[in-house]
Every structure is written in structure tokens, then in C-alpha cells.
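Atoms within a ligand are numbered from 1 in the order they appear, just like the ligands themselves.
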Amino acid sequence: MAAISTRKLSEFVGAEILDVDVDRLLNDDDLPSACLEALEEYGVLLFRELHIDDHAQVAFCRKMGELVRSPNFAIPEVIEISFDPANPNAKYYSSNDHWHFDGAMDEIPAKAAALTARVVADKGGETEFASTYAAYDALSDEEKERFADLRVVHTFETIQRRSHPEPTAEQLADWESWPVREHPLVWEHRSGRRSLVFGSAASHIVGMDKEEGRELLADLERRATAPDRVLRHSWSVGDTVMWDNLGLLHRAAPFDRTKPRRMHRTTLVGDEAIK
Ligand code: OGA
Ligand code: MN
């Protein structure tokens, strides 16, 4: 088999995969590479109400590459995204409602992720995606030239301050224990495509007045995530969404964090440094 039928979900990002059920997901050995290709093309793949369990999610994702493992969860390849106080990772997701890519402070960020909705919010809690390849392509020639050598500093503190503007000493100490990472603003990928690298971890631009750099980053984010450039997915229980973490920003729309919303994420290890 192999060929998959798709339906585009928006102009710049996303496609629904129409002809894959659990049986095909687990048994069509050509599917993983077809999905990786579709991911490169569309940025986001939606498997609507596929209802896979954790084991099926891990089995399928493993065929696409090495998986990130977390010691905090019973199945180390399946991370719970929720604000449940019992979730050991919950505190790290407080700024998930700001545009970001995962692992901005990593030397080699995660390649992609698969997220399955287990419990959805009554209201809000959609996940939004915007292409940073499309954001680069939309720059003027003058901007492409001006941004070519800019470098951006990314820190965990910058992410966290967006939701905790007045941190405690303990929070600050935790945040400062994370690595600080400098990335180019324009990433020329191995594929030859270019994308912009910014998001909630982006603190400032090297060698530029801090305020001026922040304004430039905010302006780029506004343009990249203008409503007509965003795919907003409203979750049903059992939906699985995969995203290319390298050419996209994503965020969760606000919802009542005291009520349950639980997603199970499996993450593919990256194999390309940002440069
Ligand atoms: C993530 C993430 C957004 C959401 O899993 O990395 O940012 O909608 N999730 O839960
Ligand atoms: Mn994320």
C-alpha cells in the first residue's frame, strides 16, 4: 500500500488523513514514510477519531524514528499534557497558550510529535498551528537580507515569565537551571527550505537593543500567526494530530485549567540542529 488520501485543512498548514484506521496504522509498513512525507508537505496531519491507545501510538511513532523517553511516566514514550496536579510535568506547560515550538533550548529540537485527545475541554482548548516556513516565504526581499545573520537567544525563563510575571525565588532558581540557547533567526534546513525560528522562548536578538529586538520578534509572530495563516483544531476525544516541530509554531487556546483536559503525546527525537 502506501499512497494516502488527504484533504487540506487550511491554506498554509494541515491536512486530514482520510483513509487510515487503526488496522492500517499498525500494519501498513509503507505508511510511516508516507506520513513523514505528508508531514513535511503539510506541517500537520489529522487522524480524526482514530481512537488509538498508548501502545498503538508508540508502535506507530516508533516506525517513524527514535522516540523521546521521560522517566516521569509509566510508558516513558507517552507524556501526559494536562494541568492535573498529579501530572509531574504540569508546571512546564503553563505557557502552552503562547506560540512556541517544543525544545527551543535543545541543541537539536524534537522533529515531530503526535498528540491524542483523551479528555477534551467543554469550551476552548483547541490547538492552533502556524507555519514558520510560510512566515519566512512571506518576508520582503529586503527583510530576508536584513534578517539573514540575526541570532536569537532562547531561555526557559522567557517562556515561564509569560505566565508567571512575578516569580518566586524557587521558580527563578528552577528556570535558571535550564540551558540558554542561541539560534539563528532564519534556519536553512537540510532540505533547502528556510523557516523563521522564534516563539515564546525567544528572549532577545543578539547585538540589538533589547526592546527593539523584542518588538521585531513580536511583529514577526503577529504576522506569522495572523488568523488567515492559522489552523485551529477543535478536538474530539480520540483525535490524533501529528505536527512537524521544525517548521511550525503551536499553542493551546485558553480553557478552564481547573477542569480536566488530557492529551497523550509521543515525541520523535530530532536529527537536525538549527543553523
Ligand atoms: C504540546 C503542546 C498544546 C495543546 O503538547 O507540546 O504544546 O493544545 N500542546 O495541548
Ligand atoms: Mn508544545
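Side chains of R24 and I4 form a contact here, defined as non-hydrogen atoms less than 4.5 Å apart.
Residue contacts with ligand 1 do not include F129, since none of its heavy atoms lies under 4.0 Å from the ligand.
Among the candidates L196, T132, L246, the single residue satisfying the side chain to side chain contact (heavy atoms under 4.5 Å, CB included) test with W187 is L246. When each of D244, L249, V241, V230 is checked for a side chain to side chain contact (heavy atoms under 4.5 Å, CB included) with F129, only V241 meets the rule.
Within the listing of ligand 1, atoms 5 (O), 10 (O) sit less than 4.0 angstrom from a heavy atom of I81. Within the listing of ligand 1, atoms 7 (O) sit less than 4.0 angstrom from a heavy atom of H100. Residue H250 has at least one heavy-atom neighbour below 4.0 Å for each of these atoms of ligand 1: 1 (C), 2 (C), 6 (O), 7 (O).
For ligand 1, the polar-atom distance check finds no N/O of E126 at less than 3.5 Å from any of the ligand's N/O atoms. Distances between N or O atoms of R265 and those of ligand 1 include at least one value under 3.5 Å. Between T127 and ligand 1, an N or O atom pair is found at a separation short of 3.5 Å. In terms of polar-atom proximity, defined here as any N/O pair under 3.5 Å, D102 does make such a contact with ligand 1.
Using a cutoff of 4.0 Å between basic side-chain nitrogens and carboxylate oxygens, R118 and D54 are scored as salt-bridged.
Listed for the S10 side chain is a donor-acceptor partner under 3.5 Å among the backbone atoms of V13. Using a distance-only test at 3.5 Å, with no hydrogens or angles considered, a donor-acceptor pair links the side chain of D19 to the main chain of S5. Checked by atom type and distance alone, the side chain of R194 never pairs as donor or acceptor with a backbone atom of K144 at under 3.5 Å.
Among protein heavy atoms, atom 3 (C) of ligand 1 sits closest to A252 CB, 3.9 Å. For atom 9 (N) of ligand 1, the nearest non-hydrogen atom of the protein is N96 ND2, 3.8 Å.
In W243, the part holding a heavy atom less than 4.0 Å from any atom of ligand 1 is the side chain.
Nearest to atom 10 (O) of ligand 1 by heavy atom, out of R251, R262, H264, R261, is R261.
When all heavy atoms are compared, the tightest approach of V119 to P260 is CG1-O, 3.8 Å.
For the Mn ion (ligand 2), the nearest N, O or S atom contributed by D102 is named OD1.
A side-chain donor-acceptor contact under 3.5 Å links S195 and H189.
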